[in-house]
There are 2 protein chains.
Amino acid sequence: MLVTRPSFRGVGLFATANFRSLSTVPASILDVFKYPPPLSSRLSVRGWVTAVRAQKKIAFVQLTDGTTSQTLQCILDPSLVKGLKTGVSVELEGSWSESKGNGAYELKVGPEDTVKILGDISETYPLQKKFHSSQFLRTIPEFRYKTNTLGALMRLRSNVDFSLNQFFNTSGFYKTNPPLVTSSDCEGAGELFTIESNSRQKGDTAFFGKKAYLTVSTQLHLEVLCMALSKVWTLSPCFRAEESDTNRHLSEFWMMEVEIAFVEDVHQLTKFTEEMIKATVRPLLEDHNGIGTDIKDSKRDPEVAKEMELRWKQLLAKEDWDCITYTKAIEILAGAQRDGTVKFEYEPVWGDSLQSEHEKWLAKEYFKGPVFVTDYPKEQKPFYMLLNSDNKTVACYDLLVPEIGELVGGSLREHDLKKLQNEIERRGMNAEEIEWYVKLRESGSVPHGGFGMGFERLLCYLGNVDNIRDAIPFPRAVDSCVC
Amino acid sequence: MLVTRPSFRGVGLFATANFRSLSTVPASILDVFKYPPPLSSRLSVRGWVTAVRAQKKIAFVQLTDGTTSQTLQCILDPSLVKGLKTGVSVELEGSWSESKGNGAYELKVGPEDTVKILGDISETYPLQKKFHSSQFLRTIPEFRYKTNTLGALMRLRSNVDFSLNQFFNTSGFYKTNPPLVTSSDCEGAGELFTIESNSRQKGDTAFFGKKAYLTVSTQLHLEVLCMALSKVWTLSPCFRAEESDTNRHLSEFWMMEVEIAFVEDVHQLTKFTEEMIKATVRPLLEDHNGIGTDIKDSKRDPEVAKEMELRWKQLLAKEDWDCITYTKAIEILAGAQRDGTVKFEYEPVWGDSLQSEHEKWLAKEYFKGPVFVTDYPKEQKPFYMLLNSDNKTVACYDLLVPEIGELVGGSLREHDLKKLQNEIERRGMNAEEIEWYVKLRESGSVPHGGFGMGFERLLCYLGNVDNIRDAIPFPRAVDSCVC
């Protein structure tokens, strides 16, 4: 698209370059790297200074605008360097040149050119050119994303989000948005947030006419949409009032959930889950649009970058991921405990929950990669899961990955009205609250199933991030809502 | 992709067809239409019966699975039709044949074939083959999406969502997720929802350590991310505790918001807004993947479908949409009132808000299409907008479209620390609450701007829908939270 409004500063300079960005929005540093203008072109760039090194005859300025972890090297006449320091925002105009240094290109800004400072920094500017801990950075939410590591994580988040959108779109799924405000507690876990209008006085009628909560999972509503559209998915905020202050929990997180009609075997779901996750990994490993390089370059430690790439390779290594039953998992765990291969804190016993240590050992040490565990005992799982013919286990699965443990959980759903009602009664649940859900089984019910995946957990795994609070902008947890 | 698990019923039958859907998930009726298997293939399909017509020697069954508004015609031997009625879910196996009727293909199910009823309907099943009002359908949230009209709207929603994702991805934007739980009131409008943990007792410390609200707009947090990544967008739930029970308001809705660094002219934003909306319309008008036909076919009244298509054409008709200042808008409105062209209830006076009647008249009658109105009086607008040199107006805009009125609102943001602080003080706002936001202007501040668009409003306009409660699954409003 050619430039139609040459009065916009900077934009007109790109008129001859093959920019895919819209002419009305300034080109970014990523654009300049991806679609370099002809050599010797006059070019105007904007961004934040990450480093300045001034010598007698020449000054080097590294510039970023957060669109890539690669900085643009600018060679300035030393007379122009006044006021430039880490954090300052500038507009630089110069000529586009081949680089004599590491990068392929650089911007030469000569004595006749101008450097315009757009925004200076205060004396208390907290981001200096040194290492800052994640914990410290979380205390300055207004500045933390300016760091290369967190910036790259946000770009990773965006790219994985887009990969998921593409995957589901080409797979014939419809994206939908179940409600966040709900009057039912999907999992019965009880760790709910209540919601009320600010202006309603206590004693007034409730705003929604009844008690209202923030959703802990969109599944029940998603099943309604599945019974109408067959293949649906969502990527949606969910909320859990967990008091635990760990590096694996958030009070507000994004969950990807999927429901598929007419599936009758839990292995249809595991295989689909596998395809979905592989679809988010391939663009990273194949470095589509440089997104793999971007996140690797953002790691200070090359070992960390290498380990991250190993994770990607591990996810794509096998054509079919390993898959065992819960019963088999217990056998393996108990066997390893018995023969002294490993020493677990919790004894693996059929009927008990798999502990995090069990999950991680199975994935990391035993299978050395992702593994599906299916058919858990029914007492461990929610009311809506399809009972197996053994009457003891349900047609469900968890996906375990090294370091993280559970990444995905899914199941076939009980689609028989009577059986679902019996299970609700047996558990002493409030049937009235979910009458609308149960009714789904009354008219044109079909076999179906689905799964949920914590989006931030996936990002932690793909991005080799230790603390889940770095995988989401402005993390929320108990006692933590900085702004 | 070839079938690897032929034991999954139905799937093996498609082995020779060019299906893009994954082999592990059953093919949908849309798949069958898009990638028809060779004639005479054995085929198994699943779905819900929408109509049955049994004659002596032949029976016609229309089948849907909600993936397209087009039903699959099945020709059954009359001996097989027992138990089939509207709403029942079935699995039909037969041979794929050329149609003698309207459709290109049909499924022939002969006396030797089997029809399997997956789920019967109850006697009280509310969806019969007749017209149901939107209002009635909202009382049966568990069934309403099975209707053709609402199903097609949900598919439109998904398709427009995907168009937006593609547009921003190719435009170099990063998608991000600002928090929904916040401790600041972005617009100062006061119609907030408060949020608290279910298990915390009154008098206990607040769960988040302070008062927490659901966000009314993600803008302030999005600006933080913009100052780090340059070009960011989100499609996110927002919440407003509005007491008004109208066909234009929701308490929970999805808002698309955008922030762009280094823009300095409000017309860069209007042009970008225009490109974005056009990117959602083109696939509909050009009928990519049949999505235009799908939503048109779902309308009972061909006039409604025609009017919808006219809207799409109107949005693409002009290379540059009209754009006037607020001052000019008042002149046009007052002139039309004066010379008797139109009789407004509210007198158009400089300084007063544009009323909905003004907005709709400007777009529908005067410009006969979308129109941007820029530079409103500062007293009408929030504190963060960039003041123009006239000291009276701000660098902002609204996009007005026929029938709907305001669809988008945006502005340049005040990026000067002192000016922003002065405005906050002048308005008597609580500066402490948004100190983190103001601090952005302290270190490396740059000119920037952005806009917000109610996602459901766009869907109402593109889908020719009167009531916004039909554009979102499970609408929430005052006294309305059905399940």
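None of the values given here were measured: they were computed from a predicted structure. Reminder, nothing fancy here: chain letters follow the sequence lines and each chain counts from 1.
- The most heavy-atom pairs under 4.5 Å with chain B, out of A:L269, A:L440, A:L180, come from A:L180.
- Contacts between A:E456 and chain B at a heavy-atom distance below 4.5 Å are absent for every atom of the residue.
- The parts of B:T194 that come within reach of chain A are both its backbone and its side chain, each placing non-hydrogen atoms under 4.5 angstrom from that chain.
- Considering every non-hydrogen atom in both B:L118 and A:V446, the closest pair reads CD1-CG1, 4.3 Å.
- Atom OG in B:S122 sits 14.5 Å away from atom CZ in A:R441 (nearest 0.5 Å).
- Across B:V90, B:D65, B:L30, the residue that shares the most heavy-atom pairs under 4.5 angstrom with chain A is B:D65.
- Proximity to chain A (any heavy atom under 4.5 Å) is shown, for B:L250, by neither the backbone nor the side chain.
- Highest contact tally toward chain A, considering only B:S158, B:G119, B:G209, is held by B:S158 [criterion: heavy-atom pairs under 4.5 Å].
- For B:E252, the part sitting under 4.5 Å from any heavy atom of chain A is the side chain, from C-beta outward, and nothing else.
- To the nearest 0.5 angstrom, B:T176 atom OG1 is 9.0 Å from A:I472 atom CD1.
- Heavy-atom distances place the backbone of B:V482, and not its side chain, under 4.5 Å from chain A.
- The most heavy-atom pairs under 4.5 Å with chain A, out of B:I121, B:T68, B:N165, B:N177, come from B:N177.
- Proximity to chain B involves both the backbone and the side chain of A:D479, based on heavy atoms less than 4.5 angstrom apart.
- Here the closest non-hydrogen pair linking B:L235 and A:W254 is O-CH2, 4.2 Å.
- At least one donor-acceptor pair under 3.5 Å links the side chain of B:K231 to the backbone N or O of A:P26.
- Per-residue heavy-atom pair counts under 4.5 Å with chain A were compared for B:A477, B:S89, B:S443, and the maximum is reached by B:S443.
- Of the two parts of A:P475, neither the backbone nor the side chain holds a non-hydrogen atom closer than 4.5 Å to a non-hydrogen atom of chain B.
- Neither the backbone nor the side chain of B:E274 comes within less than 4.5 Å of any heavy atom in chain A.
- A side-chain donor-acceptor contact under 3.5 Å links B:R476 to the backbone of A:V181.
- At a 4.5 Å heavy-atom cutoff, B:P126 makes no contact with chain A through either its backbone or its side chain.
- Once rounded to the nearest 0.5 Å, the distance linking CZ of B:F474 with CG of A:L225 reads 5.0 Å.
- In this structure, the side-chain hydrogen bond (donor to acceptor under 3.5 Å, both in side chains) partners of A:R155, at least two apart in sequence or on a different chain, are A:D294.
- In this structure, chain A has heavy atoms under 4.5 Å from both the backbone and the side chain of B:W436.
- In terms of heavy-atom pairs under 4.5 angstrom with chain B, the leader among A:S445, A:G151, A:P447 is A:S445.
- Between A:F193 and B:F193, the ring centre distance reaches or exceeds 6.0 Å.
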key: B:Y145 vs A:L229, side-chain contact (heavy atoms from CB on, under 4.5 Å): CA-CA, chis, key distance, verdict   = CA-CA 8 Å; B:Y145 303 101; A:L229 303 172; 5.6 Å; no
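- For chain A, the nearby parts of B:Q166 are the backbone and the side chain; heavy atoms of each come within less than 4.5 Å.
- Each of A:F262, A:F239, A:W233 has some count of heavy-atom pairs under 4.5 Å with chain B, and the biggest count is that of A:F262.
- With a 4.5 angstrom heavy-atom cutoff, A:F162 touches chain B only via side-chain atoms.
- Formation of a donor-acceptor pair under 3.5 Å by the B:K210 side chain with backbone atoms of A:C481 is found in this model.
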request  = Just do the side-chain contact (heavy atoms from CB on, under 4.5 Å) check on A:T124 and B:E442 with the steps written out, would you?
outcome  = CA-CA 9 Å; A:T124 58; B:E442 203 180 65; 4.1 Å; yes
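- If you take CD on B:E142 and NE2 on A:H221, they are separated by 10.5 Å, rounding to the nearest 0.5 Å.
- Taken from CD in A:E435 to SG in B:C483, the straight-line distance is 11.0 Å, to the nearest 0.5 Å.
- The pair B:R200-A:E243 counts as a salt bridge, with a side-chain nitrogen and a carboxylate oxygen less than 4.0 angstrom apart.
- Contacts with chain A were tallied for B:Y437, B:F168, B:F143; B:F143 has the most, counting heavy-atom pairs under 4.5 Å.
- In this structure, chain A has a heavy atom under 4.5 Å from the side chain of B:P237, while its backbone stays farther away.
- Distance CE/B:M227 to CH2/A:W48: 5.0 Å, rounded to 0.5 Å.
- Note: A:E196 leads A:E196, A:K211, A:H415 in heavy-atom pairs under 4.5 Å with chain B.
- Contacts of B:T147 with chain A are absent, with no heavy-atom separation under 4.5 Å from either backbone or side chain.
- Interface remark: of the candidates B:L214, B:V88, B:T64, B:I260, B:L214 forms the most heavy-atom pairs closer than 4.5 Å to chain A.
- The two atoms that bring B:Y174 and A:G66 nearest to each other are CE1-O, 4.2 Å, heavy atoms only.
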